[in-house]
Amino acid sequence: MPSEDPNEAIRPDFASDEYQEARQQLVEDGITAEQAARSLAALWTINNNTDKEHWAIKQRQARLARQREEDEEEERLQQRREEQEAARLEERKKNKNKYALLVHGKVPSDPTILPAQYATHKLKAGDYCELHYFTNRGLDEAKASNLIAELDALVMIPSVDGLHLWVLAAAVKDPKAAPVVKDENLTWEEFNEAAPRMISMM
């Protein structure tokens, strides 16, 4: 099999002095020198065509081998990328706080509305909550109680079966708090204070 591309080979001039000895061997077999040169050229062409076929097969095999190597390398890279992505997701799952998104927003200019923990608990539970807790008076009471109450404080309350239960103080109305004004007894001013605040909390 040729080591160089036979498509670039140039047929020699078999009528030149360089090939005198080769022509002479054919002349001794009974043909003329011109016929000997043509015969040598024909033999060279046949051999060159065979070399071209072998060269084409070799190049095709080399292309297929390169393609296989490239496919295998791409598969290895894809597998490595998938492993790195799985490791990254696992790392993010283990350390959620480390990868928490930072929101670059403006500092809010609206006043912070912090109703009583009892009212917040009722809203989260989907229970009915009086508008009183969102009026100016209700928010002032909540502010005073938040300064003295612990977030995870527990209180004991009796249950319907006579037993006592420990529950979060946030889930129970403070018995020392001022009485709650029913919604129908609120003034229009208090209603206009409470309604938008309650909607924003929901």
Side-chain angles (χ1 to χ4, degrees), residues 1-115 117 119-127 146 150-152 168 170-171 195-202:
M1 190 174 292
S3 59
E4 296 181 0
D5 187 355
N7 294 288
E8 298 178 358
I10 299 174
R11 186 178 64 186
D13 180 9
F14 289 102
S16 64
D17 293 339
E18 184 180 353
Y19 295 96
Q20 172 66 35
E21 185 177 349
R23 287 196 309 273
Q24 185 60 37
Q25 291 177 2
L26 294 175
V27 168
E28 290 176 357
D29 290 336
I31 62 174
T32 64
E34 185 179 346
Q35 289 174 334
R38 285 200 301 269
S39 296
L40 289 173
L43 288 173
W44 183 93
T45 302
I46 293 171
N47 288 333
N48 183 255
N49 289 338
T50 302
D51 290 344
K52 288 178 180 178
E53 292 175 2
H54 291 162
W55 180 264
I57 292 172
K58 180 181 178 182
Q59 294 304 306
R60 188 161 51 248
Q61 290 174 343
R63 282 196 301 272
L64 291 174
R66 284 196 301 272
Q67 186 62 45
R68 277 196 303 271
E69 290 176 0
E70 290 173 1
D71 292 344
E72 290 172 359
E73 181 63 21
E74 179 60 30
E75 188 176 343
R76 284 194 295 271
L77 289 175
Q78 180 64 26
Q79 184 175 358
R80 189 177 303 132
R81 284 193 292 267
E82 290 174 357
E83 290 172 355
Q84 290 174 347
E85 179 65 15
R88 187 182 66 82
L89 291 175
E90 183 65 24
E91 173 68 15
R92 288 178 70 94
K93 190 185 295 183
K94 287 181 181 177
N95 302 298
K96 291 182 181 178
N97 294 335
K98 179 179 177 183
Y99 296 97
L101 294 176
L102 297 178
V103 180
H104 300 286
K106 295 181 179 178
V107 176
S109 58
D110 298 334
T112 304
I113 299 172
L114 295 174
Q117 293 182 15
T120 306
H121 182 79
K122 289 183 77 172
L123 283 178
K124 288 182 179 178
D127 296 336
N146 285 339
E150 295 183 12
L151 294 177
D152 55 353
L168 283 172
R197 293 170 180 166
M198 186 175 189
I199 292 171
S200 67
M201 285 294 294
M202 295 170 70

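Residue numbers start at 1 and run along the sequence shown.
- Side-chain atoms of Gln78 and Glu74 include no donor-acceptor pair closer than 3.5 Å.
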Original post:
Should Arg38 and Glu34 be marked as a salt bridge (charged side-chain N to carboxylate O under 4.0 Å, His left out) after you check the CA-CA gap, both sets of side-chain angles, and the distance that decides it?
Top reply: CA-CA 6 Å; Arg38 285 200 301 269; Glu34 185 179 346; 2.9 Å; yes
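- In this structure, Ile31 and Leu26 approach most closely via the heavy-atom pair CG1-O, 3.2 Å.
- Look at Glu85 and Arg88 and you find a salt bridge, because one of the NZ, NE, NH1 or NH2 atoms lies within 4.0 Å of a carboxylate O, short of that distance.
- In terms of modelled atom types and a separation under 3.5 Å, the side chain of Gln35 and the main chain of Thr32 share a donor-acceptor contact.
- Ion pair Glu83/Arg80 not flagged as a salt bridge, since none of the NZ, NE, NH1 or NH2 atoms sits closer than 4.0 Å to an Asp/Glu carboxylate oxygen.
- In this structure, the side chain of Asn48 engages the main chain of Pro6 through a donor-acceptor pair within 3.5 Å.
- Trp44 CH2 to Ile10 CD1: the interatomic distance, rounded to the nearest 0.5 Å, is 8.5 Å.
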**OP:** I would like to know whether Asp71 and Gln67 meet side chain to side chain donor-acceptor pair (under 3.5 Å); could you show each step before the answer?
**Re:** CA-CA 6 Å; Asp71 292 344; Gln67 186 62 45; 3.0 Å; yes
**OP:** Step by step, work out the side chain to side chain contact (heavy atoms under 4.5 Å, CB included) result for Glu8 and Asp5.
**Re:** CA-CA 6 Å; Glu8 298 178 358; Asp5 187 355; 4.0 Å; yes
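- No more than 12 heavy-atom neighbours from other residues, nucleotides or ligands sit within 6.0 angstrom of CZ on Arg11.
- Within 6.0 Å of the CD atom in Glu73, the count of heavy atoms belonging to other residues, nucleotides or ligands exceeds 12.
- Using modelled atom types and a 3.5 Å distance limit, the side chains of Glu91 and Asn95 yield a donor-acceptor pair.
- Side chains of Arg23 and Gln20: a donor-acceptor N/O pair is present below 3.5 angstrom, by distance only.
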